[in-house]
Amino acid sequence: MLKDLKRVRNIGISAHIDSGKTTLTERVLFYTNRIHQIHEVRGKDGAGAVMDSMELEKERGITIASAATHCKWQDHDINIIDTPGHVDFTVEVERSLRVLDGAILILCSVSGVQSQSITVNQQMKRYKVPCIAFVNKCDRSGANPLRVVKQLKDKLGHNAIPMQLPIGLEDRHEGIIDLIKMKAFYFEGENGEKIVEKDIPADLKDEAAEKREEMIDAASMFSDELTDAILEEKEISEEMIIEAVRKGTIEREMTPVFMGSAYKNKAVQPLLDAVISYLPSPLDIENEAIDLDNQEAVVPLESVFDKPTVALAFKLEDGQYGQLTYIRVYQGDLKKGDTLINSRNGRKFKVGRLIRMHSSEMEDIDEIPAGHIAAMFGVDCASGDTFMSPGVNYTMIAMHVMDPVISLAIKPVDNKSQINMSKAINRFTKEDPTFKSYVDKETGETIIQGMGELHLEVYVERMKREYKAEVETGQPRVAYRETITRKAEFNYTHKKQTGGAGQFGRVAGFMEPCEDEFEFVNKITGGKIPTQYIPACEKGFKLCMDKGPKMEFPVTGIKVTINDGAFHAVDSSEMAFQAAARGAFLEGYTKAKPVIHEPIMKVVIETPNEFQGSCMGLINQRRGIILGSQEEGMISVIESQVPLSEMFGFSTVLRSATQGKAQFTMEFLSYKIVPQSIADDIVKAKETK
């Protein structure tokens with residue numbers, strides 16, 4: 001592995017579903033000689049793309065788990081992570097962006113900025129990941145890359161600057177014009193591996209000159225040298241422009257836009273050049289950790305090899321040789337045989353086998369220097385754990401994980417399946433922080449929770465295939481919540497007299513709605529409740545949040561303030577005040593007009609214009625609110641908000657209503673109050689169980 005970190009790039013490829021992420025990665029691997037034959041995502045040869053190594057991925061033609069690989073281009077090491085586009089697998093994108101230095105945002109030149117592009121963009125913002133954009137599919141009918149550049153500015157707020165222009169579009173797409181070199185490039189040969197440089201076609205010269213002016217103007221904001229050269233009308237060198245664009249990109253103040261067609265093998269090599277020229281190396285990015293020995297002070301991490309090792313485990317996989325842990329080393333040098341400590345549980349372990357991944361294939365290595373991404377075997381850890389050398393006590397800031405919004409009851413058909421199912425659930429919950437499971441105390445059923453129907457469907461399918469666990473599934477269930485709508489007071493005395501010491505505690509105050517999940521305020525004065533019993537009161541209130549008195553759904557959005565109370569010198573205890581708090585909660589809760597909240601999803605449908613009306617009808621039938629609809633050429637994009645409970649089986653209904661031509665994406669938006677008639681139905685359904 002390269003120790004010259006200036007020549008290392010850790011990049012991710014992110015985009016909306018079906019924008020061509022995996023197709024592009026496949027071409028990158030071909031041109032960098034990692035593979036010798038190109039396979040298509042839905043290939044007729046049945047091989048599927050190299051990066052889609054899971055059977056399910058090949059069948060469905062989608063990426064489910066992010067896959068890592070590395071390649072060499074112009075003496076640079078590039079570590080690439082191909083991420084899923086489907087919102088149900090959004091944690092895969094989160095965990096990849098957490099450890100990457102830069103990214104390629106792919107957009108379809110026909111559909112432009114789509115709903116999932118917006119989500120991916122938000123994630124990049126969260127982790128401050130600089131990116132370059134690639135407008136793919138310039139060979140498709142309706143392609144309009146310059147419109148996509150405008151959408152990047154308007155919808156995502158990027159300072160998007162085209163670095164290239166397409167030569168011909170749709171079926172006449174032949175190549176690109178490089179606005180820095182001011183030359184036309186064509187990609188010939190069976191797989192576009194032969195790059196032919198020519199003069200710019202006469203009919204495109206004026207447009208190219210105009211776009212070059214715009215590009216230099218935008219780049220000059222990041223370079224005094226370039227600004228001086230423009231003002232003094234000196235010659236502007238290629239290095240000057242590249243340096244300025246690189247600076248703007250790394251500061252996330254500029255997004256260079258490249259164009260081409262991955263499927264038709266056009267303009268992938270110039271994109272690789274752009275990765276080297278504009279995306280940051282590990283030395284350009286500031287990384288931080290929290291020092292647990294020093295009052296959680298934030299300390300900078302340096303990509304150097306002679307300091308204590310700090311690494312982050314960002315993804316786990318169950319390989320044929322045991323658990324495979326993907327890690328990014330931020331500082332130091334991780335070697336075979338080193339002793340490291342897991343900061344979460346303080347356990348020491350010895351580093352065993354280290355490997356470098358190429359999708360599902362692997363090669364053994366002896367060390368992982370700072371700034372690199374690789375994997376190791378034989379470490380028992382969880383996703384998001386920090387590993388460090390003895391002598392330091394750091395932890396990395398964990399990634400953002402959303403709460404599950406949908407649950408499903410699963411039941412094994414026989415005893416063997418029961419054992420295999422629990423093995424599978426253990427592994428999946430460890431690998432994926434958004435997949436959770438528990439056993440329902442009342443029904444004894446195993447409940448799995450996740451981010452959407454497809455998410456759970458894939459895990460159930462993987463249980464059957466990878467673990468031979470035959471399971472039956474119940475009806476999907478929605479993660480409802482309870483909350484209160486107004487302020488209510490409580491004054492509750494808990495008294496219990498048995499032989500010996502009794503129990504006594506009085507708690508008074510009020511509860512009101514709030515933005516946070518739970519807030520506890522202590523306004524007790526004059527020692528009416530001794531200080532040592534206050535935590536017991538808080539614990540009593542907190543315990544009530546798990547199961548609401550109204551419908552036994554989890555309670556959220558309550559602020560509890562205690563301002564009065566009483567105690568007994570002998571009979572008061574922590575247990576007594578915990579019980580008093582529980583009683584006070586129940587008393588106040590019924591007065592505070594409790595309501596049920598349901599998850600509302602942001603649903604975006606993309607459909608041919610002729611089906612726009614029927615798609616809107618489908619949304620209205622499902623208690624949905626249509627926020628807007630816009631026509632983009634032949635396609636209508638309908639944005640709406642729909643309760644999750646109404647979205648089950650929607651993909652089948654949408655397909656039949658649009659002859660299979662429409663697609664939709666759905667992601668969690670917020671919780672809102674359930675209408676009274678629906679709330680009554682939920683109550684009835686609960687009672688009949």
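Positions are given from 1, in the same order as the sequence printed here.
Judged purely by atom type and a 3.5 angstrom limit, R622 uses its side chain to pair as donor or acceptor with the backbone of E646. Judged purely by atom type and a 3.5 angstrom limit, Q418 has no side-chain atom pairing as donor or acceptor with the backbone of P412. Side-chain atoms of E253 never come within 3.5 Å of backbone atoms of N159 as a donor-acceptor pair (strictly under, hydrogens ignored). Counting only distance, with no hydrogens or angles, the side chain of T395 and the backbone of S343 share no donor-acceptor pair below 3.5 Å. Looking at H568, its side chain does come within 3.5 Å of a backbone N or O of V570 through a donor-acceptor pair.
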Give the intermediate values and the outcome of side chain to side chain contact (heavy atoms under 4.5 Å, CB included) for residues T483 and V555. CA-CA 6 Å; T483 190; V555 182; 5.6 Å; no
Please lay out, stage by stage, how N287 and R328 fare under the test side chain to side chain contact (heavy atoms under 4.5 Å, CB included). CA-CA 12 Å; N287 290 299; R328 158 85 196 251; 4.2 Å; yes
Evaluate the criterion side chain to side chain contact (heavy atoms under 4.5 Å, CB included) for residue pair E639 and V603; output intermediate values, then yes/no. CA-CA 6 Å; E639 288 189 27; V603 177; over 6 Å; no
If you apply the rule side chain to side chain contact (heavy atoms under 4.5 Å, CB included), what do you find for I410 with V460, and how did you get there? CA-CA 9 Å; I410 55 171; V460 168; 4.3 Å; yes
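Of the inter-residue distances, the one linking K495 atom NZ with T493 atom OG1 reads 6.5 Å to the nearest 0.5 angstrom. Here CD1 of I285 is found 5.0 Å from CG of D101. Values are rounded to the nearest 0.5 Å. Expressed to the nearest 0.5 Å, how far CG of L408 lies from OG of S437 amounts to 12.0 Å. Atom CZ of R344 and atom CZ of F387 lie 9.0 Å apart (nearest 0.5 Å). Separation of atoms NZ (K496) and CE (M575) is listed at 7.0 Å; rounding is to 0.5 Å. In this structure, Q449 CD and I447 CD1 are separated by 8.0 Å, a value rounded to the nearest 0.5 Å.
Of all heavy-atom pairs between K591 and A488, the closest is CB-CB, 3.8 Å. Nearest heavy-atom pair, K593 versus T485, reported as atom, atom and distance to 0.1 Å: O-OG1, 2.8 Å. E587 approaches E489 most closely through the heavy-atom pair OE2-O, 4.3 Å. The minimum heavy-atom distance between N491 and R506, with the atom names listed, is OD1-NH1, 3.0 Å. Looking at every heavy atom in both residues, S303 comes nearest to P282 through OG-O, 3.6 Å. Closest approach of Q331 and P308 over heavy atoms only: NE2-O, 3.0 Å.
Within the 4.5 Å cutoff, no side-chain heavy atoms of N10 are placed close to those of V99. A heavy-atom distance below 4.5 Å is not found between the side chains of D516 and F518. In this structure the side chain of I558 reaches within 4.5 angstrom of the side chain of F585, judged on heavy atoms. Between M511 and I484 the shortest side-chain heavy-atom distance falls below 4.5 Å. E302 has its side chain out of reach of Y330: every pair of non-hydrogen atoms, C-beta onward, lies at least 4.5 Å apart. Side-chain contact between I534 and I562 is present, with heavy atoms from C-beta onward closer than 4.5 Å. Within the 4.5 Å cutoff, no side-chain heavy atoms of S407 are placed close to those of I448. Under the 4.5 Å side-chain criterion, counting only non-hydrogen atoms from C-beta, H597 is not in contact with V674.
Under a 4.0 Å N-O distance rule, the pair D385/R347 does not qualify as a salt bridge. Residues K523 and D564 are not paired through a salt bridge, judged by the lack of any N-O separation under 4.0 Å between the basic side chain and the carboxylate.
For the pair K487 and F510, the distance from NZ or CZ to the six-membered ring centre is under 6.0 Å and the angle to the ring normal is within 45 degrees.
Annotation: F664 is in aromatic contact with F650 [ring centroid separation under 6.0 Å]. Y480 and Y671 have their aromatic ring centers separated by at least 6.0 angstrom.
Under a cut-off of 6.0 angstrom, the local environment of NZ in K539 is sparse, with at most 12 non-hydrogen atoms contributed by other residues, nucleotides or ligands. Within a 6.0 Å radius of NZ in K155, more than 12 heavy atoms belonging to other residues, nucleotides or ligands are found. For K125, the NZ atom counts as loosely surrounded, since its 6.0 Å shell holds 12 or fewer non-hydrogen atoms of other residues, nucleotides or ligands. The environment of E517 atom CD is sparse: at most 12 non-hydrogen atoms of other residues, nucleotides or ligands sit within 6.0 angstrom.
Side chains of Y533 and Q578: no donor on one and acceptor on the other come within 3.5 Å. Between H494 and Q503, the side chains place a donor N or O and an acceptor N or O closer than 3.5 Å (distance only, hydrogens not considered).
Shown are Y492, F490, Y589; of these, the ring pair (Phe, Tyr, Trp, His ring centres under 6.0 Å) with F541 is made only by F490.
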